[in-house]
Structure formats: structure tokens, C-alpha cells
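Below is one structure, written out as C-alpha cells; comments come after it.
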Amino acid sequence: MRHVHYAITPDMRDRWVRHMMAAVDTLDLDAGQDDTMREYLVRAADFMVNAD
């Protein structure tokens with residue numbers, strides 16, 4: 001709900017995901033944790049899109 005007042009486009013989502021994936025790349029996560037984190041971030045980003 002905190003983002004509802006801001007237009008978030010697919011392009012904005014993609015840029016945010018790119019930066020978050022780069023941040024995850026710097027972590028020392030095991031394969032399962034890495035997959036879980038990346039899947040969560042992509043799902044969260046998709047959920048935030050509210051504009052074309």
C-alpha cells in the first residue's frame with residue numbers, strides 16, 4: 001500500500017530488479033537461499049507494477 005500513490009511501470013520494475021539482483025550477487029548465499037531471494041524479489045517487483 002505504501003507505493004499505491006506512485007506510478008510504477010514495467011520499466012521501473014525491471015530497473016529495480018536489475019539493481020536488486022546485482023546486490024544479491026554480492027551476498028554469500030547457498031544455492032537454495034539465492035534462488036528463494038531472487039524469486040521473492042521478482043514476485044514482489046511484479047506485484048508493485050500499477051501503470052503502463
Side-chain angles (χ1 to χ4, degrees):
M1 290 303 297
R2 73 178 70 158
H3 295 97
V4 73
H5 302 291
Y6 304 99
I8 300 174
T9 66
D11 180 59
M12 292 169 148
R13 173 205 55 208
D14 294 347
R15 287 187 273 161
W16 183 84
V17 168
R18 185 173 56 249
H19 290 291
M20 293 306 291
M21 294 303 168
V24 172
D25 288 342
T26 70
L27 303 175
D28 188 26
L29 301 174
D30 68 44
Q33 291 173 327
D34 188 83
D35 289 344
T36 299
M37 178 64 77
R38 291 174 192 277
E39 289 171 12
Y40 170 78
L41 292 169
V42 169
R43 283 193 319 270
D46 287 341
F47 181 75
M48 294 293 172
V49 173
N50 61 8
D52 290 331

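What's counted below: heavy atoms across the whole structure, side chains too, no hydrogens, waters or symmetry copies.
- Rounding to the nearest 0.5 angstrom, the gap separating the CG atom in Leu27 from the CE atom in Met37 is 7.0 Å.
- Grouping the Ile, Leu, Val, Met, Phe, Trp and Tyr side chains by contacts below 4.5 angstrom, directly or via other members, places Ile8 apart from Trp16.
- Linking ILVMFWY side-chain heavy atoms closer than 4.5 Å, directly or via other members, places Phe47 and Met20 in two distinct hydrophobic clusters.
- Between Asp25 and Arg38, the closest side-chain pair of non-hydrogen atoms falls below 4.5 Å.
- Distance NE2/His19 to CG/Leu41: 13.5 Å, rounded to 0.5 Å.
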Residues Val42, Met21; criterion side chain to side chain contact (heavy atoms under 4.5 Å, CB included); working and verdict: CA-CA 9 Å; Val42 169; Met21 294 303 168; 3.5 Å; yes
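- Note: Met48 CE to Arg13 CZ = 12.5 Å, rounded to the nearest 0.5 Å.
- The nearest pair of heavy atoms linking Val24 to Asp34 is CG1-OD1, 3.4 Å.
- Taking both residues in full, the closest heavy atoms of Met12 and Ala7 are given as SD-O, 3.4 Å, listed atom of the first, atom of the second, then distance.
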